[in-house]
*Asks:* 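A single structure is presented below for examination.
Remember, it's a predicted structure, so these values are computed and weren't measured experimentally. Just so you know, ligand 1 is whichever comes first in the structure, and atom 1 is the first atom listed for that ligand. Values below: every heavy atom of this structure, side chains too, minus hydrogens, waters and symmetry copies.
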Amino acid sequence: MAQAKFQTHHGMVDILPGESEKWQYLERIIRETAAEFHFSEIRTPVLEPTELIARGIGQLTDIVSKEMFSFSRGETNYVLRPECTAPVARAYVQHHLDQRGGAQKLFYIGPMFRAERPQKGRQRQFHQFGAELIGTDSPIADVEIIRFMMRIYEKIGLTKTTLMINSVGDPESRAAYKTALQDYFRPQLSELSEISQQRFETNPMRILDSKEDEDQKFIEDAPLITDFLNEACAQHYAEVKQYLGDSGIIFVENPRLVRGLDYYTKTAFELISSDVGSQDALGGGGRYDLLIEEVGGKPTPAVGFASGIERLMIACEALGIPLGEEPALDVYVVTRGEAAQRWAMDAITQIRKLGKSATMDFSGKSIKAQFKDADRQNSRFAIVAGDDELKSGSFNFRDMSDSTETPKTLAEILDILR
Ligand code: AMP
């Protein structure tokens with residue numbers, strides 16, 4: 001086939017019929033689970049102020065330093081949101097959601113944008129679902145967020161996953177840890193990758209996140225954050241583990257888990273699948289007690305997660321887990337002549353009112369071509385209408401699975417469909 005003149009941008013994909021049903025199925029499960037956990041949906045704009053994202057996520061992160069799709073119009077700087085936690089935090093502050101009382105339980109589903117190098121499981125426009133629990137520092141809230149995330153995967157049937165957890169401490173614990181890391185890396189600084197050398201001064205914890213080969217042997221023996229947690233952080237972490245255990249959630253402690261975004265405090269977690277390829281993180285999250293204040297609100301503790309829908313789909317495909325299928329059509333009305341077409345327009349309306357799907361030919365195809373079309377659309381039944389049928393009021397009602405036909409009035413057909 002000749003290549004179309006216009007194509008989607010690199011790393012951005014169309015979701016076509018046959019695929020969109022899988023999305024709808026997943027979105028339905030996410031929404032159902034949100035309802036069970038009593039989280040309310042929040043929908044924020046796709047464009048956000050650049051400054052919000054830079055502050056919220058952190059200037060030194062890859063997302064902000066090199067992956068933002070941003071542009072200006074006049075004095076205003078826009079960015080296509082790369083994630084949704086900073087936007088939700090902005091909305092929380094802007095609309096004084098704290099005044100609704102109690103902790104706010106919010107979830108979202110939507111497209112996110114990062115100018116990353118596309119590969120399997122990594123796109124420039126991708127989709128996340130996620131949740132935020134804002135206004136409580138209780139470790140029970142951390143566990144509630146993790147339970148919410150895990151429940152979605154469990155419902156889908158994707159249970160071959162590993163939950164990794166860690167505590168990244170608070171600013172006090174991290175200051176001590178940062179010094180220890182710098183003391184450790186300093187003698188070998190010139191042997192580290194260029195990117196790690198850049199991170200050494202400003203954000204040495206991110207060196208632990210490095211994917212560069214030359215860094216790995218140094219990372220292996222680096223000091224661990226868990227040895228630097230102050231009492232409050234250590235206790236919080238112990239309680240999270242205790243409650244996870246009580247909830248029957250299996251986890252692996254990974255003291256090197258730091259996550260890409262700067263706003264995390266205390267709990268950090270990631271859900272990994274070996275069935276997605278090299279981009280193996282299905283989702284992740286953690287506590288971000290400093291973010292709301294960072295974006296202009298009162299100090300407000302919060303915890304959340306975000307998961308990628310594309311990676312979830314890749315894992316399901318690899319494991320043969322079925323997602324939604326293109327729905328079959330209930331009735332196709334095959335017509336001969338203009339009077340029959342007019343009759344069919346009314347008939348499909350009556351069928352649709354029963355909550356069944358119905359369609360007809362719109363382009364004056366032959367009877368044979370209409371039956372082919374009905375087959376292609378996977379129709380369960382066909383009704384055949386021409387001048388004779390209209391006169392007698394009796395129509396051939398065909399079961400497409402075995403091609404048996406019985407004469408029926410429209411009222412009888414509606415009864416059968418009902
Ligand atoms: P993050 O906000 O980086 O913690 O990402 C959370 C989840 O979003 C990841 O675990 C992935 O499942 C998904 N994700 C992040 N970036 C991409 C991307 N470029 N393409 C597809 N999925 C992504």
*Asks:* Can you tell me how the ring of F71 sits relative to the ring of Y78, calling it parallel under 30°, perpendicular over 60° and tilted otherwise?
*Replies:* parallel
*Asks:* Would you check the N or O atoms of A306, main chain and side chain alike, for any that come under 3.5 Å of an N or O of ligand 1?
*Replies:* no
*Asks:* If you count the atoms of ligand 1 from 1 in the order shown, which ones are under 4.0 Å from a heavy atom of Q123?
*Replies:* 18 (C), 19 (N), 20 (N), 21 (C)
*Asks:* Carefully, step by step, assess F107 and F39 under the rule ring-ring contact (aromatic ring centres under 6.0 Å, His included).
*Replies:* CA-CA 6 Å; F107 83 98; F39 277 63; 7.7 Å; no
*Asks:* Regarding ligand 1, does L282 bring an N or O atom to under 3.5 Å of one of the ligand's N or O atoms?
*Replies:* yes
*Asks:* If you measure from each heavy atom of E116 to ligand 1, is any distance below 4.0 Å?
*Replies:* yes
*Asks:* Ignoring hydrogens, just give me the one of E270, K120, Q128 whose non-hydrogen atom is nearest atom 7 (C) of ligand 1.
*Replies:* Q128
*Asks:* Does the side chain of D98 pick up a donor-acceptor pair with the side chain of Y92 at under 3.5 Å?
*Replies:* no
*Asks:* So which of A281, G11, S307 gets nearest to atom 9 (C) of ligand 1, if we judge by its closest heavy atom?
*Replies:* A281
*Asks:* I want to confirm something. Looking only at heavy atoms, which of R114, R117, H127, R311 is nearest to atom 2 (O) of ligand 1?
*Replies:* R114
*Asks:* Short N/O distance, under 3.5 Å, between E83 and ligand 1?
*Replies:* no
*Asks:* Please work out whether the ring planes of F305 and F129 are parallel, tilted or perpendicular, with thresholds of 30° and 60°.
*Replies:* perpendicular
*Asks:* Could you tell me the separation between the CZ atom of R199 and the CG atom of L192, rounded to the nearest 0.5 Å?
*Replies:* 11.5 Å
*Asks:* Mind checking whether G283 has an N or O less than 3.5 Å away from an N or O of ligand 1?
*Replies:* yes
*Asks:* Please determine, by modelled atom types, if H236 and D137 share a side-chain donor-acceptor pair under 3.5 angstrom.
*Replies:* no
*Asks:* Would you mind telling me which of T359, D373, N378 makes a side chain to side chain donor-acceptor pair (under 3.5 Å) with Y332?
*Replies:* D373
